[in-house]
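This report concerns only the one structure given below.
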Number of protein chains: 2
Amino acid sequence: MFEVHRLRLLRELAARGTIAATAKACSLTPSAVSQQLSVLQREAGTPLLVRDGRHLILTEAGRVLVEHAEQVLAGLEAAKAALEALSDSVSGVVRIAAFPTAASSLVPAAIAAAQAAHPDLTVSLEDREGSAGIAALRAGQIDLLLVYEYNLLPEITDPGIELTPLVTESLLAAVPATLRLPRGALRLTALRDQPWIAPLSDSDLRATLERACGLAGFSPRLAYTSDDYTVILALVSAGLGVSLVPQLATERTSADIGLRAVADPTLYRAVSVAVRAGSARTPSLAVLIAELRDQAGRLRLPA
Amino acid sequence: MFEVHRLRLLRELAARGTIAATAKACSLTPSAVSQQLSVLQREAGTPLLVRDGRHLILTEAGRVLVEHAEQVLAGLEAAKAALEALSDSVSGVVRIAAFPTAASSLVPAAIAAAQAAHPDLTVSLEDREGSAGIAALRAGQIDLLLVYEYNLLPEITDPGIELTPLVTESLLAAVPATLRLPRGALRLTALRDQPWIAPLSDSDLRATLERACGLAGFSPRLAYTSDDYTVILALVSAGLGVSLVPQLATERTSADIGLRAVADPTLYRAVSVAVRAGSARTPSLAVLIAELRDQAGRLRLPA
DNA sequence: GATCTCGTTTAGGCTGGCTAAATGTTCGAG
DNA sequence: CTCGAACATTTAGCCAGCCTAAACGAGATC
């Protein structure tokens, strides 16, 4: 019968594509991973991996086994959750990671409320964004992760991860208050000749901005880049350009910035909470998820 | 995360009740089982077992974990089955066990048909009956088991086992042809004053006989006992008493035996094929199950 | 073609799981 | 009531399996 730690390695390999990355994620040497996967293939009686240049790709059998491995691993998570649910005490340590905007808005209030209701609960929080967060979640370095998905980008579909939607927020065009804009629904083309202030090149928001401008039929002229919304908004406020920012980042903006929802193309991002598949019923996680939903419901997002 | 071999030990313990029996079933020493279960409890963070005299019983947490363990182990079986289904070759060894009546009627024809269609398939067959068969199936000593369930007795409900019904056969009253019986539906009370020929005391059929007579309001006068239907029917044929036998055992009976279905109480047994949960889709098992269903359908059971 | 980055192989050390034997309890039989 | 059988547990010690490290081979990149 398959050993669960070997199945885990196979799953990580499927997600990461190289043995080196898998080894790092699991705190092992590539050698150990390679050996364990060899054993797994011998047990399976079929090759699960084939070399493709210096990478490995899964065979059909490998993909089938990964699929079942997800199931089995989720079952083990669920077992753990069920045991903790029995003892019914919300306690222990929950390690949360979130993207900065959430970490400074939703999350602190939720943690505070959860700890007030359950004094034995300990929570840690760190910044993590995008796929690095997903990887850390699956590797067990964190237990709960706040993620966003932009509507123009591919969604997260990882069978080892369960997503619970929290809130959907529009992306707002941030423009200097002095800038005259047409009334009514704002089309992105109205900003085509403005200088743009953009996030750094590898961020999802940057990709969304470029896709959106592409859909609107122009290529934005980039004047400044920063990943810090405070900086971006300060640049807008100084009249140096326009930008696109999520609603959550605009809670306190000065009066010399105009914020307008973009109607064409439709731009929004969905904020969700992610946990390992099967672990959502762990009492401490369930409490935190409920508090996050509660906080998200309280948000008054000015549309 | 829980190790699968520990979960397997817990499940076996849940089914068997003692560490000694679990150890024997898994070819280990009691010491090894005890140690592994200690580790499992430490990992679970909760006691899973409590001593009850010289036995162990599961706590609530233990039962919950066993339930999830069944799920996980079935998932692993399913993974194996899916991989074998991919290679699509019906081959390898399938170890079958059956109760004697099935082993001499249904099973040989099914094995012959399966091997004719799939020359690489090897099948072994042995006699096993009742709970010993279930235990052997779960322990992996056999892969497929034919079982019967009498309608008056508790059913088999083992979450680690999947049952596929094959056929339902009536229990027939076997009486000397010289015995005059009322026409129409036969009520068991019509036989209350006859001497009875019964199976041995620990068999399911014996228990069914006694429950049925109890429902009919009398206690059977036992004249002879045997577990071999040939012997039982010879005794009936000699006019020494009456008995209750399943239809499958009556395929060739001499003319001096009268066979009548019992209408009150209704008596029948269901014959099913049992495999480990998750393994039913293994190609070789799937073929054999299909052949068994086919053979069962061919049976002309004279009612 | 030099070099960097993979994956694999081999050798060797260490942890974890096993057996064996001793210990402590409980239950039943004489 | 005592003795013995059946059970679980503990301890000590052995061995296999898994890991690391180092050397090697094969692609990709400049």
Side-chain angles (χ1 to χ4, degrees), chain A residues 1-59 61-63 65-66 69 73 76 135 139-140, chain B residues 1-59 61-63 65-66 69 73 76 135 139-140:
Chain A
M1 189 74 71
F2 302 120
E3 286 293 325
V4 67
H5 76 277
R6 297 197 182 114
L7 292 178
R8 191 195 308 276
L9 290 179
L10 182 67
R11 182 186 65 164
E12 290 306 315
L13 180 70
R16 292 183 162 71
T18 78
I19 287 202
T22 306
K24 201 189 302 175
C26 299
S27 307
L28 292 175
T29 59
S31 170
V33 176
S34 179
Q35 292 176 56
Q36 292 303 312
L37 289 176
S38 295
V39 174
L40 188 62
Q41 297 192 68
R42 196 169 343 129
E43 288 175 344
T46 319
L48 303 172
L49 308 166
V50 289
R51 280 193 84 140
D52 170 43
R54 53 182 177 180
H55 297 84
L56 295 175
I57 56 179
L58 293 178
T59 63
R63 283 190 295 272
L65 188 52
V66 165
L73 293 169
L76 290 172
Chain B
M1 188 77 70
F2 303 120
E3 286 295 323
V4 67
H5 76 276
R6 297 196 182 115
L7 292 179
R8 191 195 308 276
L9 290 179
L10 183 67
R11 182 186 65 165
E12 290 307 315
L13 181 71
R16 291 184 162 73
T18 78
I19 286 201
T22 304
K24 202 189 303 174
C26 300
S27 308
L28 291 174
T29 58
S31 169
V33 176
S34 180
Q35 291 176 54
Q36 291 305 313
L37 290 176
S38 294
V39 173
L40 188 61
Q41 298 191 66
R42 198 167 342 127
E43 288 175 345
T46 319
L48 303 172
L49 309 166
V50 288
R51 281 193 86 139
D52 171 43
R54 48 183 179 180
H55 297 86
L56 294 175
I57 56 180
L58 293 177
T59 62
R63 284 190 294 273
L65 187 51
V66 165
L73 293 168
L76 290 172

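Residues of residues 38-45 of chain B that place a heavy atom closer than 4.0 Å to DNA chain C do not occur. Using a 4.0 Å cutoff on non-hydrogen atoms, the parts of residues 21-37 of chain A near DNA chain D are A:Ser27, A:Leu28, A:Thr29, A:Ser31, A:Ala32, A:Gln35, A:Gln36, ordered by number.
A:Ile19 places its CD1 atom 10 Å from the P atom of C:dT9, with the value rounded to the nearest Å. The separation between B:Arg16 atom CZ and D:dA8 atom C1' is 18 Å, rounded to whole Å. In this structure, the CD1 atom of B:Ile57 is 14 Å from the C1' atom of D:dA8, given to the nearest Å. Rounded to whole Å, atom C1' of D:dT9 lies 10 Å from atom CG of B:Leu56. Rounded to an integer number of Å, the gap from CG of A:Leu49 to C1' of C:dG7 is 11 Å. Going from atom NE2 of A:His55 over to atom P of D:dA26 covers 18 Å, rounded to whole Å. When the P atom of C:dG16 is taken as reference, atom CD of A:Glu3 falls 15 Å away, rounded to whole Å. For the pair B:Leu9 CG and D:dT9 P, the computed distance is 13 Å after rounding to whole Å.
Side-chain contact check for A:Met1 versus A:Glu43: every heavy-atom pair is 4.5 Å or farther apart. In this structure, the side chains of B:Arg51 and B:Leu56 come closer than 4.5 Å at one or more pairs of heavy atoms. Counting heavy atoms from C-beta on, the side chains of B:Leu48 and B:Val66 never come closer than 4.5 Å.
Rounded to the nearest 0.5 angstrom, A:Leu58 CG and A:Leu10 CG are separated by 6.0 Å.
Close to C:dT8, at under 4.0 Å from its OP1 or OP2, lies no side-chain N or O of A:Arg51.
Taking each heavy atom of B:Phe2 and B:Leu40 in turn, the nearest pair found is CD2-CD1, 3.7 Å. In terms of heavy-atom proximity, B:Leu9 sits nearest to B:Cys26 at CD2-SG, 3.8 Å. Summarising the geometry of A:Ala25 relative to A:Ala139, their closest heavy-atom pair is O-CB, 4.0 Å, with the distance given to 0.1 Å. The two residues A:Ile19 and A:Pro30 come nearest to each other via the heavy atoms CG2-O, 3.6 Å.
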Show, in sequence, the C-alpha distance, side-chain angles and deciding distance for A:Lys24 and A:Arg16, and conclude whether the side-chain contact (heavy atoms from CB on, under 4.5 Å) test is met.
CA-CA 11 Å; A:Lys24 201 189 302 175; A:Arg16 292 183 162 71; over 6 Å; no

